[in-house]
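Residue numbering restarts at 1 for every chain, and letters A, B, ... go by the order of the sequence lines.
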Protein chains: 2
Amino acid sequence: METSRKKPTIYDLAGLAGASPSAVSSVLNGTWQKRRISRSLAERVMRIAGEEGYAVNVQASLLRREKSNIVGMIIPKYDNRYFGRIAEEFETMARARGLFPVITCTRRDPELEFEAARELISYQAECLIATGATDPDRIASLCKSAGVQVINLDLPGALAPSVVSDNFTAAQQLTELILHKCDSDPGSGGALHFVGGRLSDHNTAMRLRGFLTAHESRGIAVPEHHILATGYSADRAASALERLGPAHPLGLFVNSTISLEGVIRWRSSLGAAQSRLRFGCFDWDPFGSFLPGNIGMVEQDVPRMLDRVFELMASRTLSSECQTVPCILRKFV
Amino acid sequence: METSRKKPTIYDLAGLAGASPSAVSSVLNGTWQKRRISRSLAERVMRIAGEEGYAVNVQASLLRREKSNIVGMIIPKYDNRYFGRIAEEFETMARARGLFPVITCTRRDPELEFEAARELISYQAECLIATGATDPDRIASLCKSAGVQVINLDLPGALAPSVVSDNFTAAQQLTELILHKCDSDPGSGGALHFVGGRLSDHNTAMRLRGFLTAHESRGIAVPEHHILATGYSADRAASALERLGPAHPLGLFVNSTISLEGVIRWRSSLGAAQSRLRFGCFDWDPFGSFLPGNIGMVEQDVPRMLDRVFELMASRTLSSECQTVPCILRKFV
DNA sequence: AGCAATTGCACAATCGATTGAGCAAAGCTC
DNA sequence: GAGCTTTGCTCAATCGATTGTGCAATTGCT
């Protein structure tokens, strides 16, 4: 309490400089020339502000200003390579544009997502990037009714523009790569298993479509029980694979790096048989290429996706288009 | 511009409810009972607020309130497992305490760290967690002169309380583990190489001390050229190891997971000789345990460190103590 | 009926920064 | 010297929410 009394305000500086608060404000916000304050007064005020350790109270400033320059992002995870990279690149790009980024991690909790969006609106964020939101349209409705621009990233919604990876094409390519490799391993042909993700979310659905399409083009039917939609949990991925018993898969499409953690754990329990397993993973991890049996990974093009996001932000578009960004297929054979 | 004109204020709601702005404010900030507003008016105001999509203007609110409840954190990276985890856990713990977390990624750029700290102070953050700051004392000075509590995390400073891992002990233990393993590999005895990090930063210095102490206790002298302080760059770690030519190390202490990326890349260039390499890594990665040749990793105890941070925050201590949190040694043999 | 206590508000000032408008002083031109 | 223009400020209102204080109406008690 006491410490907040000690923070100097423009009134304190005005007294020390022998000027008005208005002049002090003009100097400190950089508009002194436009408002015809003399250079000598400007220099005096700036010196005193430095000596007094003055910091503008942004909350007061924002109450009066037209633009907050705050851009908000909700994001499911930080401790995942892809989302961590999104967060980092987003901040860098926002700052380069003179914006103040505020990111909130929502852990794939719909209520927390909604609450975080409300908070960002209360903080006068001008735009909100809903990244990997479980219910993008609920958040879009909230933002629209508050007059705040919203953009979906990673998972699309119907009520706002979206930027997503081309999950279908990349998954198809990765599947073909795995199928091709398994074909050249004696006794390893046939349908792969698909493990990880939620069928209810767009990205898993698109990746599964790509997976199935690649099989179809080779005349391979994928039995329903080859689809293990275990959500985003290493434990559940490992458990589902364990439950397959000795008739375990020799070829896997792993959906998400969190599922890959479970797959790798399970694989190490196979003993000598583990050397016959082939897999590919959608998404990418820097250590992934060095894991034995991994023949490819799909990396989402984060810089390019974010370029699209900032273009949409600048254009203030009202359309609900969905822009698809190609992924990068990294082959390790 | 136009959209911001449409946001309802308490004055709009007051008109619709047939009440005063003061009553509306009391209802919406939850103090209506204390301020003796009737339940019927409270319910009417809440209903109208919901219908109108009202969101409090936090800037206005903070201008009048005593406490902002904002806690800030600066952090070097998001796309690193350890820091990503810190960010995620910090947010969760802050929210559980009714605080509003604001995190900024500063990419180990001293000027950006200072600027981000200034910004957080301007936003009326009550406390700032300087995580892995390159110049913690500069940030502490800034915060103190602004009357803002500051706590160092991961790297200690002299002017504020700090919470750091016990880098020395864990590095010693990991080194002993690697040395022991190398001793039982024919022809692999002798001093390990230490790769990664900056000698100027506390954590690297402590880890190096632990590394050297473990060697000393076995009567092994570590030649100066075994210390490859390549900073936090996979490329530089790989290059430094390549420059050792055919007389490459058989035992490595890898400092940081970013260095490990370089080490793994380099290792794959060794051909058949790679199977003789033994290494351990300080820090931890979920895929690390499955990388051939990796015999152990040190994991920093993020939840425990953050518990300490929140204790310090709550105690408003003025001391500059440095609290050390033990690490977890994960063995893969 | 009169007085005291309680209920249920409204009023007005405040918070710190911004900005439109106005005015005095200085300088320039005829 | 008079009038106009420019310079260099200051004043006062505003932004939206909060909060101390005060007062009218109602209720309860004697």
Side-chain angles (χ1 to χ4, degrees), chain A residues 1 4-46 49 52-69 119 121-124 146-147, chain B residues 1 4-46 49 52-69 119 121-124 146-147:
Chain A
M1 305 305 107
S4 53
R5 283 287 164 272
K6 282 166 58 175
K7 286 193 182 182
T9 67
I10 59 165
Y11 301 96
D12 301 317
L13 298 194
L16 291 168
S20 72
S22 173
V24 170
S25 176
S26 306
V27 171
L28 295 177
N29 70 26
T31 60
W32 60 274
Q33 281 166 313
K34 177 179 146 196
R35 293 181 60 85
R36 301 178 347 215
I37 306 295
S38 68
R39 181 174 298 274
S40 67
L41 178 56
E43 284 168 354
R44 188 159 80 251
V45 168
M46 286 190 267
E52 298 295 314
Y54 173 81
V56 64
N57 181 332
V58 174
Q59 317 301 350
S61 176
L62 289 186
L63 195 52
R64 195 65 174 80
R65 278 205 262 129
E66 290 277 350
K67 299 198 59 170
S68 72
N69 290 319
E119 277 175 345
I121 290 164
S122 287
Y123 270 90
Q124 314 300 303
Chain B
M1 305 306 107
S4 54
R5 283 291 164 269
K6 281 166 60 177
K7 286 191 181 182
T9 67
I10 60 166
Y11 301 97
D12 301 319
L13 299 193
L16 292 168
S20 72
S22 174
V24 169
S25 176
S26 305
V27 171
L28 295 176
N29 70 25
T31 61
W32 62 275
Q33 280 167 313
K34 176 179 148 199
R35 293 180 61 84
R36 300 181 346 217
I37 308 292
S38 67
R39 182 173 298 274
S40 67
L41 178 55
E43 284 168 354
R44 186 158 83 250
V45 168
M46 286 190 268
E52 299 293 313
Y54 173 80
V56 65
N57 180 324
V58 174
Q59 277 80 33
S61 176
L62 288 186
L63 201 47
R64 194 67 172 81
R65 276 204 264 133
E66 290 276 351
K67 299 197 56 167
S68 73
N69 290 319
E119 275 176 343
I121 289 165
S122 287
Y123 270 90
Q124 313 297 301

### Atom of A/Ile121, atom of A/Ala146 and distance for their closest heavy-atom approach
CG2-CB, 3.7 Å
#### Entry: Gap between atoms NZ and C1', on B/Lys67 and D/dT19 respectively (whole Å)
18 Å
### Task
Decide yes or no, distance alone: a donor-acceptor N/O pair under 3.5 angstrom between the base of D/dG8 and the side-chain of A/Arg39.
no
#### Entry: Between P of C/dC15 and CD1 of A/Ile10, the distance in whole Å
13 Å
### Message
For a 4.5 angstrom cut-off between non-hydrogen side-chain atoms, does B/Val56 reach B/Leu28?
### Response
no
### Task
Give, for atom CZ of A/Arg64 and atom CG of A/Asn29, the distance between the pair rounded to the nearest 0.5 Å.
11.5 Å
### Task
Carefully, step by step, assess B/Leu62 and A/Tyr123 under the rule side-chain contact (heavy atoms from CB on, under 4.5 Å).
CA-CA 10 Å; B/Leu62 288 186; A/Tyr123 270 90; 4.2 Å; yes
### Distance in Å, B/Gln59 CD paired with B/Gln124 CD, rounded so as to fall on 0.5 Å steps
10.5 Å
### Task
Check whether any side-chain heavy atom of B/Thr9 sits under 4.5 Å from a side-chain heavy atom of B/Asn57, and report yes or no.
no
### Query
Using a cut-off of 4.0 Å on non-hydrogen atoms, how would the nucleic acid contact of A/Ser38 be classed: base, sugar-phosphate, or nothing?
sugar-phosphate
## Note on the structure
Here the gap from B/Lys34 atom NZ to B/Ser26 atom OG, rounded to the nearest 0.5 Å, amounts to 9.5 Å
### Query
Can you name the nearest heavy-atom pair linking B/Pro21 to B/Tyr11, along with the distance?
CG-CD2, 3.3 Å
### Message
I'd like to know if B/Ser20 reaches the base of C/dC9 with its side chain, counting only an N/O donor and acceptor under 3.5 Å.
### Response
no
### Task
Take the protein atom OH of B/Tyr11 and the nucleotide atom P of C/dC11, then report the distance between them rounded to whole Å.
12 Å
### Query
Which one, D/dT10, C/dA17, D/dT18, comes nearest to the side chain of A/Ala19?
D/dT10
### Query
C/dG16 P sits how many Å from A/Leu62 CG, rounded?
15 Å
### Task
Answer with base, sugar-phosphate or nothing: what part of the nucleic acid does A/Leu41 contact at a heavy-atom distance below 4.0 Å?
sugar-phosphate
### Task
Rounded to the nearest angstrom, tell me the gap between atom CD1 in B/Ile37 and atom C1' in D/dG20.
14 Å
### Message
Side chain of A/Arg64 only, heavy atoms from C-beta on: which candidate in D/dG20, D/dT14, D/dG16 is closest?
### Response
D/dT14
### Query
In whole angstrom, what separates A/Arg36's CZ from C/dA24's P?
15 Å
### Spacing of A/Leu13 atom CG relative to C/dG16 atom C1', expressed in whole Å
12 Å
### Message
What's A/Ser61 touching, base or sugar-phosphate or nothing? Going by heavy atoms closer than 4.0 Å.
### Response
sugar-phosphate
### Message
Let's see if you get this right: which residues in residues 52-59 of chain A place a heavy atom under 4.0 Å from DNA chain C?
### Response
A/Tyr54, A/Val56, A/Asn57
### Query
Could you state the CZ-P distance from B/Arg35 to C/dT7, rounded to the nearest angstrom?
16 Å
#### Entry: Taking every non-hydrogen atom, the tightest pair across B/Arg35 and B/Ser22
NH2-OG, 3.6 Å
### Query
Taking the side chain as C-beta and beyond, is there a heavy-atom pair between B/Leu13 and B/Glu52 under 4.5 Å?
yes
### For DNA chain C, the residues among residues 23-34 of chain A that have a non-hydrogen atom under 4.0 Å from it
A/Ser25, A/Asn29
